[in-house]
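As structure tokens, the structure follows; a few thoughts come after it.
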Amino acid sequence: MEHNTMNLNLKVWRQKNNNTKGEFKLYRVENISAEMSFLEMFDVLNEQLVVTGEEPVAFDHDCREGICGMCSMYINGKPHGPWQANTTCQLHMRAFKDGDTIVVEPWRANAFPVVKDLMVDRSAFDRIIQAGGYISVNTGNAVDGNALPINKKDADDSFAAAMCIGCGACVAACKNSSAMLFMSAKVSHLALLPQGDPERNSRVLNMVAQMDKEGFGACTNTGACEATCPKEISLSNIARLNQEYLSASLVADK
Amino acid sequence: MTWKQVFTSSVGKKLVMGLTGISLVLFLVVHASINATVFADLFNSEENGEMFNKAAHFMGSTVLIRIMEIGLFGGIILHIAQGYLLSLENQQKRSVGYAVAYKDGSKWYSRSMGLLGTIILLFLVLHLYHFWVSARFTNKGLEESVSYNGVEMHNMFGLMKATFSEWWIFLVYSLGCISLGYHLAHGFQSAFRTLGVHNKRYTTMLISIGYGFSVFITLVFILMPLSFLLGWIG
Ligand code: HEM
Ligand code: SF4
Ligand code: FES
């Protein structure tokens, strides 16, 4: 394969902390290999900044292999950049060409306050999970997995929903800053399995209540979340959540 | 989880939108069907709007329908109020916007439900003023009644003909109907998703029906003023 390098202009959001107003800064990076990942390109930029005495750009990342959901950059008007079904860390520089100007912004949502530069606080997702995104298991011997018959289709759908890595791109993409794709992935993942059944009603009611408390918007089914989700979580999960919520509230005690 | 908590949650608010939206869709079906009787004129030169006038008279003079009308107004008001509230609340969830907007992932009309609704609302005010206010209150344009088999009634057909003799009214009505079409192109399938329909079998079907219905209802409603304007009927 031909090896090419490129020179790029970057327009990056810089913000000291949550109490200060941020602004875009222009940077130039040169000799960027097309085989680099987007984050490696940012590493190059940061080394450059360290040399010139400027504070490096803060951004979240961990696994750099598309499974942890930490990398959160809104690149040229799309969360995780131009590729479909892809995370920022798995975006490679061959997606761009020499001379391009790339605009990089943090996730924008009041429920995800900016911590610094491109880092946002996504602990709202953790609190939603704490509100109901789990199953309670008695201690004792592990049960034989094969003792519980599970319909193949339900298992597949559940697994597809369980692919969600909690990155928050769905919130970033949504005009309403709604967390419903994430929510519905978690609710569907558990509701489709017998292990999730006992707590299904309280789970969906408590998780929705927490989601509203965190300040996410209401879903209007525009589909922007599904289109940008690195794990291709299906919009139909949101409809399943709606159904779960409706039936849970119909049979609620009070 | 009290009912109040249910209906003030983000999911519950959408439920109100979906339920009122679907009721409005059912209303549109009735409205379009009744109005389609104006086309009886095409097949019978003696007609002169008799079938339509009788249908309109039935709708205006039947107690049950008048009760349903209250429900309809309640539904529209709920839909509009909740629609604006929801749009406003959703907007407030992102205080700092993006420099580059994300447009590829969704249809423009899916993102513009509030705007489309506002155009529909403005159209609705004009439309109610033209027909509903005249028929119920002011009698404007309805001074000469018609009678069939001794039953006297408004000549609503005549009022339509007079109203739609002007180009600008036709254009405003067309804009209203096209906005309604786009509103429904998103709203129809969205409403069923909101109510929890998630099986692929039904969602694909509902998306197609939704597009079909949106185009059909837009064309049927535009055809009426157009037919009067161009003198095809009346
Ligand atoms: C006859 C007229 C109308 C019909 C048939 C209609 C129908 C619908 C339907 C079916 C939905 C989808 C509900 C859902 O997603 O669950 C909807 C949503 C909505 N409508 Fe209407 N509507 C009408 C008039 C209006 C008006 C006058 C407004 C004024 C603001 C409005 C504003 C909205 C909004 C903001 C939404 C929510 C957007 C969304 O869920 O994506 N609508 N409408
Ligand atoms: S649903 Fe998709 S976009 Fe949303 S948090 Fe999960 S993986 Fe990320
Ligand atoms: S850094 Fe883990 S998914 Fe990108």
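Proteins get letters first, then strands, A, B, ... in listed order; numbering begins at 1 in each.
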Legend entry - Contacting moiety of B:Ser95, where chain A heavy atoms sit under 4.5 Å: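 Both parts, backbone and side chain.
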Inset, instruction - Check each atom of B:Ala101 against the heavy atoms of chain A and say whether the ones under 4.5 Å are side chain, backbone, both or neither. - result: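 Backbone of B:Ala101 only, per the 4.5 Å heavy-atom cut-off to chain A.
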Inset, instruction - Would you check if A:Leu246 and A:Gln243 make a side-chain contact, meaning some heavy-atom pair closer than 4.5 Å? - result: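 No - every pair of side-chain heavy atoms lies 4.5 Å or more apart.
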Legend entry - Heavy-atom check, side chain of B:Glu89 versus side chain of B:Lys13, under 4.5 Å: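 Yes, their side chains come closer than 4.5 Å.
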Side chain, backbone, both or neither: which part of [X] has a heavy atom under 4.5 Å from chain B?
X	value
A:Val171	backbone
A:Ala172	both
A:Phe24	side chain

Inset, instruction - Could you have a look at B:Lys107, B:Gln92, B:Arg111, B:Lys93 and say which one has the most heavy-atom pairs with chain A under 4.5 angstrom? - result: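 Greatest number of close heavy-atom pairs with chain A: B:Lys93.
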Legend entry - Qualifying ring-ring contact (aromatic ring centres under 6.0 Å, His included) pairs, either residue in residues 89-123 of chain B, two or more places apart: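 Those involving residues 89-123 of chain B are A:Tyr74-B:Tyr98, B:Trp108-B:Tyr182, B:Tyr109-B:Tyr182, B:Phe123-B:His127, B:Phe123-B:Tyr173.
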Legend entry - A:Asp156/A:Lys153 ion pair, N-O < 4.0 Å: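 Salt bridge flag = no for A:Lys153 with A:Asp156.
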Legend entry - Option in A:Glu105, A:Glu244, A:Lys11, A:Met211 with maximal non-hydrogen atom pairs under 4.5 Å from chain B: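 Most pairs with chain B among the choices: A:Glu105.
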Legend entry - B:Phe52, B:Phe39, B:Trp167, B:Phe157 screened by ring pair (Phe, Tyr, Trp, His ring centres under 6.0 Å) with B:Phe228, the one that passes: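 That would be B:Phe157; it is the only one of B:Phe52, B:Phe39, B:Trp167, B:Phe157 passing the ring pair (Phe, Tyr, Trp, His ring centres under 6.0 Å) with B:Phe228.
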